[in-house]
Amino acid sequence: MESINSNETRKKIYYYLLKQGKPTGLKKIQRDLGISSPSLVHYHLKRLEEQGLVKETPEGYVINKVILSEFVKVANHLIPISAFWSSFFLTSLVLEIALLLTGKIIDSAVFGSIIVGISSALSVKELIKKYKETKL
């Protein structure tokens with residue numbers, strides 16, 4: 001079975017329907033995503049249906065199966081789980097630097113700051129990558 005990530009248009013349609021949270025018609029999907037023709041949207045929707053990810057209802061197409069385990073849906077937004085880790089590491093880094101500047105931490109805290117800094121940078125990089133993947 002072909003992965004949803006192997007086709008950019010299919011992935012955009014899937015994320016779009018996931019964000020909609022309600023049945024959405026073929027022409028609305030085409031218009032909102034700027035896809036060249038309804039038949040191209042229909043083709044990708046059929047491939048998603050074959051994979052069991054989308055189903056057609058009388059009102060339009062809806063998500064049948066959520067496969068985004070690395071995301072959390074808050075309201076109508078997909079937030080990568082890495083956003084929570086990024087927040088944690090960035091907050092830790094800011095607190096560590098603040099304590100270092102006040103002189104209330106011993107020298108070994110410098111090493112901790114370096115580790116937290118590297119972790120923060122990697123986490124933010126992953127967060128940006130995830131947002132770019134889901135950007136419509």
Side-chain angles (χ1 to χ4, degrees):
M1 181 183 296
E2 183 180 6
S3 164
I4 189 172
N5 291 323
S6 65
N7 185 286
E8 197 62 33
T9 303
R10 201 165 302 154
K11 185 166 68 169
K12 282 183 179 182
I13 291 170
Y14 180 80
Y15 285 146
Y16 175 81
L17 288 173
L18 187 63
K19 284 183 175 184
Q20 291 299 303
K22 61 183 180 188
T24 307
L26 190 135
K27 289 196 186 253
K28 180 168 176 32
I29 296 168
Q30 179 213 354
R31 193 173 47 251
D32 289 352
L33 295 180
I35 298 173
S36 60
S37 70
S39 61
L40 184 59
V41 175
H42 185 258
Y43 169 80
H44 288 293
L45 285 168
K46 289 302 171 192
R47 299 297 80 74
L48 289 167
E49 273 187 299
E50 289 170 4
Q51 293 176 322
L53 301 175
V54 171
K55 68 179 177 181
E56 186 176 11
T57 67
E59 297 84 28
Y61 290 88
V62 294
I63 293 295
N64 190 42
K65 180 180 177 186
V66 178
I67 59 168
L68 300 171
S69 60
E70 70 273 4
F71 288 88
V72 175
K73 188 174 180 184
V74 177
N76 274 345
H77 302 288
L78 293 175
I79 300 174
I81 291 174
S82 56
F84 298 105
W85 286 112
S86 295
S87 309
F88 170 75
F89 286 127
L90 286 171
T91 303
S92 299
L93 179 62
V94 168
L95 290 173
E96 191 80 32
I97 291 170
L99 290 172
L100 275 172
L101 292 175
T102 62
K104 296 184 178 179
I105 290 205
I106 58 174
D107 291 337
S108 64
V110 173
F111 178 73
S113 295
I114 292 169
I115 297 301
V116 170
I118 292 169
S119 301
S120 296
L122 293 173
S123 183
V124 168
K125 180 183 174 198
E126 185 65 23
L127 174 64
I128 291 168
K129 179 182 166 190
K130 293 292 182 188
Y131 272 120
K132 284 181 179 178
E133 284 177 6
T134 60
K135 189 166 178 121
L136 299 176

From the list Asn64, Leu45, Val62, side chain to side chain contact (heavy atoms under 4.5 Å, CB included) with Val54 holds only for Leu45
Has Lys46 got more than 12 heavy atoms of other residues, nucleotides or ligands less than 6.0 Å from its NZ? yes
Tyr14 six-ring centre to Arg10 NZ/CZ under 6.0 Å and within 45° of normal: no
Nearest 0.5 angstrom please: Lys22 NZ to Glu59 CD, how far? 12.0 Å
In the structure I gave you, are the side-chain heavy atoms of Val124 and Ile128 within less than 4.5 Å of one another anywhere? yes
Connected via hydrophobic side-chain network under 4.5 Å: Ile13 and Tyr43: no
Quick one: NZ on Lys11 to OG1 on Thr9, what's the gap to the nearest 0.5 Å? 10.5 Å
Answer yes or no: is there a side-chain heavy-atom contact under 4.5 Å between Lys28 and Tyr16? yes
d(Tyr61 OH, Leu17 CG) to nearest 0.5 Å is 10.0 Å
Note, Asp32 side chain near Thr24 side chain (heavy atom, < 4.5 Å): no
Nearest 0.5 angstrom please: Ser39 OG to His44 NE2, how far? 9.5 Å
Could you measure the distance from the CD atom of Glu56 to the CG atom of Leu26? Nearest 0.5 Å is fine. 8.5 Å
Can you name the nearest heavy-atom pair linking Gln30 to Ser37, along with the distance? NE2-CA, 3.7 Å
Would you check if Ser123 and Leu127 make a side-chain contact, meaning some heavy-atom pair closer than 4.5 Å? no
Would you say Tyr15 ends up clustered with Leu33 if hydrophobic residues are merged whenever their side chains have heavy atoms under 4.5 Å apart, either directly or through other cluster members? yes
